[in-house]
Structures are given as C-alpha cells and as structure tokens.
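All ligand and atom numbering here is 1-based and tracks the order in the structure.
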Amino acid sequence: MKIKTRFAPSPTGYLHLGSVRTALYSWLFSRKAGGKFILRIEDTDSERSTQEAIEEIIASMRWLNLDFDEGPYFQTKRFDRYNAVIDKMLLQGTAYKCYCSKVRLDALREKQIINGEKPRYDAYCRDKQYRCPDDPSHVVRFRNPEKGLVIFEDIIRGQIIFNNQELDDLIIRRTDGSPTYNFCVVVDDWDMEISHVIRGEDHISNTPRQINILKSLGAPIPKYAHVSMILGKDGKKLSKRHGIVGVMQYRNDGYLPQTLLNYLVRLGWSHGNQEIFSIDEIQSFFTLDKINKSACTFNSEKLQWLNHYYINHMPAEEVAVYLEWHIINMGIQINNGPQLKDIVKLLRKRCKTLKEMAESCWYFYKDFHNFNATAANKYLQSVAKQPLQTVRDELATISLWTIQNVHDALQDTIDKLGIRMNELGMPLRVAITGCGVSPAIDLTVYTIGKARSVKRIDMALDYIAKKEKSVNDLFTCIGETAPWKNF
Ligand code: GLU
C-alpha cells in the first residue's frame, strides 16, 4: 500500500499546538513508512481565512523542519474540480438540488426541537427536483443512504459506528455555487490519494459523512486516526486563556524546534518511560496505535525543562544557529564579538530559553556608555579603584590571551593587594559588563576580549573619579572637607 498522509489546516488563526501535534504524527507516520506527506491549506472559509495565517503555517512547518513532499495545495484554487464532481453526482443522482426556503427549514428545525428530535433535514426535495428547475436559489445536497450503518476502524480508538439515520443529506454546494468544507475534503483526499487521514478528534463526526460520499464516488476509503485533544491544567481545551499562543510564539520566546517536537510527540504517545528522543529515534519508535486515546495535559514547566535540556545537550554550534536569530532580532551586531558557539557554552547552564540567553549576552557585542545605576552605586566606589587599576594593568600586559592567562592576571591582582576575590570580582564584573550579573568573571573577561575589557575598566575608573570629584566639589561648595579626606 502506498502511504500518503496530509496536514490540512484551516488558515483562520494561529497554528496551535494541537494542530502541530497532528501534523507531526502525520509526518512521522509517512516518513517512517517511506511514504509521502502533503500540506493542504483548507481556505474555503473566505471570511475567516487570512494570508497572514497561511504564512504562519508555512513558516511553522519550516521552523519545525516538517518537510512536505507536495503542496501547499489551496482548496480555493480547486473549485472547478469540486464543482465538476458535484455536476457529475447530480447527473448520476447521488446528489440533488434542494429548493427549501430558509423559512421552511427554520420551521422544520423548530418543530423537531419541540418534539425532542435531533434537528436534521427531512429530505423534502430528495425526489422533487422537477418542482422549480429554473430557480437558481438552490443548494445541492448529498443523497446520504437512508438506512444501515457506517463502520470504520479508527487506528487510535478502535471501531466507531454511526447510524445513517442520524446523518441527514448534507449540503455540498451552497446557493452562491461554492462547495462546502466536508465535500472539498473528500474530493481532495480522493484526488491526492491519501491513504491515512490523521486529524483531531473534533472531526470524528465528519468521518461517516465523508465515508458515505467517498463510497458514492467509488473512491477508496482511507484509514482514519483521530488524535485526542490537548487540555490545560484546568482540564479545559487548551486555548489562549491558558496563555497558549501560536507555534511561532514559542520560537520568539526562545524555544528550540527540537524541544517542541520532542514535547509534542511525547504528549499522548510513549515509548516506555523514555522522555528524550532524537528525531531519528522518534521516527524509528513511532506507531499510530501507541497514541493515547484519552486527552493529555499541557505542562509549560516540563516544556521549559526540556528546552533547558536541549540547550545544554545539543552541540553548541547547532544551538548557536537558533540563538543568532534572537540576537539579530535584538539589533545586535555579532561580527565584532565572540563566536556564538562560545556564548552558548558560557551561558547555557543558566538559561532556560534562547531569548534569555540573547538578552543576557548583549555586553559581549555592544559597547555601553552607562553602568547599571544600582550595580555601579554599590560596586564602583573609591575602594575599587586600586583593584581595578591593578587588574587593568595586569590584563593589558597579557601577550597571549588565554583563559589561563586571564585567570592568572586576576589571581596576581588579589595576591598583590592582599584582597579577597570578591573585592575584585564584583567591581570588575560591573566594569566590564555594565551590570552585576555574568558567568565566572575570568571566563567573562576572556570572552569579552582584551581591548574591550581594558577600555571598559578605564571607563569604570573614570566613572569613580568623576563621582569622587562631584562629591568633593559639593563639600568644597559648602566649605567643608570631604569626610574621607580626614582619614
Ligand atoms: N481543516 C481542518 C482543521 O483545520 C482539518 C480537516 C481534516 O484534517 O480533515 O481542523
């Protein structure tokens, strides 16, 4: 059997996590079987579909590396084909024109509700097309079998049975001539030779209708797998209310695509107790029947934990490629600073996201003219002058800039002055980073580089001198001696 799956999102908003998980399962299933995977944009709802959403879908697939062999196909470009199939069905009698007015349908519905029946079309026009053949205001309905059952074997859920009496004659073409959603899906799955339809469980009720139409067309019936929902911690369907946004927002927030893929595949699918999977492992272990029938719960802490794991375990060079996007986005030029893979190595233990990493590494690339006021107030004091001056001179004389030589310069400074490392470390950190937080000070100095470090220490010394002078001037102005001059 030729395996072919599809991802068929409707471009009506963000591409959310549930949709991406379905896409991932479809992609994995076809890749593992050596089959094909296609992307089909279901954009028939012209009021809700947007170009922005289409672009977001394609960008998300690219970012996650879910490559497709065909497409993107667009349903709006295939209306001629759908209408040709409908015209043929009209000739064959598997579909019919319905002239029922809205008033009649509303009254029917109301009566059914009052009688405690499920509202459904009563097939009034089924055999009465001759009544007003020239009236253009008609819809076309599918002639659904009146009796019998629709039975299908869902790969995830097992056998599912629907009674045909519960399914009414579905509208397949509207009054304005446009084909309806369920019909387009059927023709597409047929034309595109889809062997396995893997989609959200919210489509289960569409499946018997689609199977009936496929049967009437003499088309093969694909196999179906309906994936369960993702819930928030409160047990409700995951939505914006839970702070959940589109997939690309996860990229913007500093998640790696590897994290998201690993997290999503594991959500509702398992292979023993294994939590971390490379994409190759996922491909070799993945089977549809191991997908959980019940809904699963989204856990943002676990996602963050996994991201931290990937940031720390993926080769630094690979993480650097994704970090670069964030840094460039922040408007930081990276060509006059350390290599990004070194930044990754330096910061990865302390960062859970790449955004955090990008935000805490700017001082390796960007010069600054002001120190963080709180940090400078605390650490750039007169007492720091001598340690800073001494370490500046030590660093300036290093001819071979290595971590060891930088480390030795710092050690020599504290030995020479008989001070503790902290008395040098904190003023030096503020001097060279502009703020009070950085990785180990020797590594930070080393990574910032010699010329930049020396220049920034000079700036800090200048800052201290100016501060002293302004206090001095203030005391001179009120006719006193600055208190420290008395010592
Ligand atoms: N377009 C549908 C959706 O976005 C999917 C339909 C299908 O997979 O059959 O929910």
Short side-chain donor-acceptor distance under 3.5 Å, Thr353 and His308: no
Atom 10 (O) of ligand 1 - nearest protein heavy atom and its distance: His203 NE2, 2.9 Å
Contact partition for Ser10 relative to ligand 1, non-hydrogen atoms under 4.0 Å: both
Asn144-Asn212 side chain donor-acceptor pair, cut-off 3.5 Å: yes
Distance-only N or O hit between ligand 1 and Ala8, under 3.5 Å: yes
Sidechain-backbone polar pair: Gln112 side chain, Arg120 backbone, donor-acceptor under 3.5 Å: yes
No-hydrogen, no-angle side-chain donor-acceptor test under 3.5 Å, Asn83 and Arg173: yes
Residue, atom name and distance, where the atom is the protein heavy atom closest to atom 8 (O) of ligand 1: Arg6 NH1, 2.7 Å
Contact check, Phe7 vs ligand 1, heavy-atom distance below 4.0 Å: no
Nearest protein heavy atom with distance in Å, relative to atom 6 (C) of ligand 1: Tyr181 OH, 2.7 Å
Any Gln210 heavy atom less than 4.0 Å to ligand 1: no
Exercise: do Tyr310 and Asn262 side chains pair donor with acceptor under 3.5 Å: yes
Nearest non-hydrogen partners of Cys98 and Arg141, listed with the distance: SG-NE, 3.4 Å
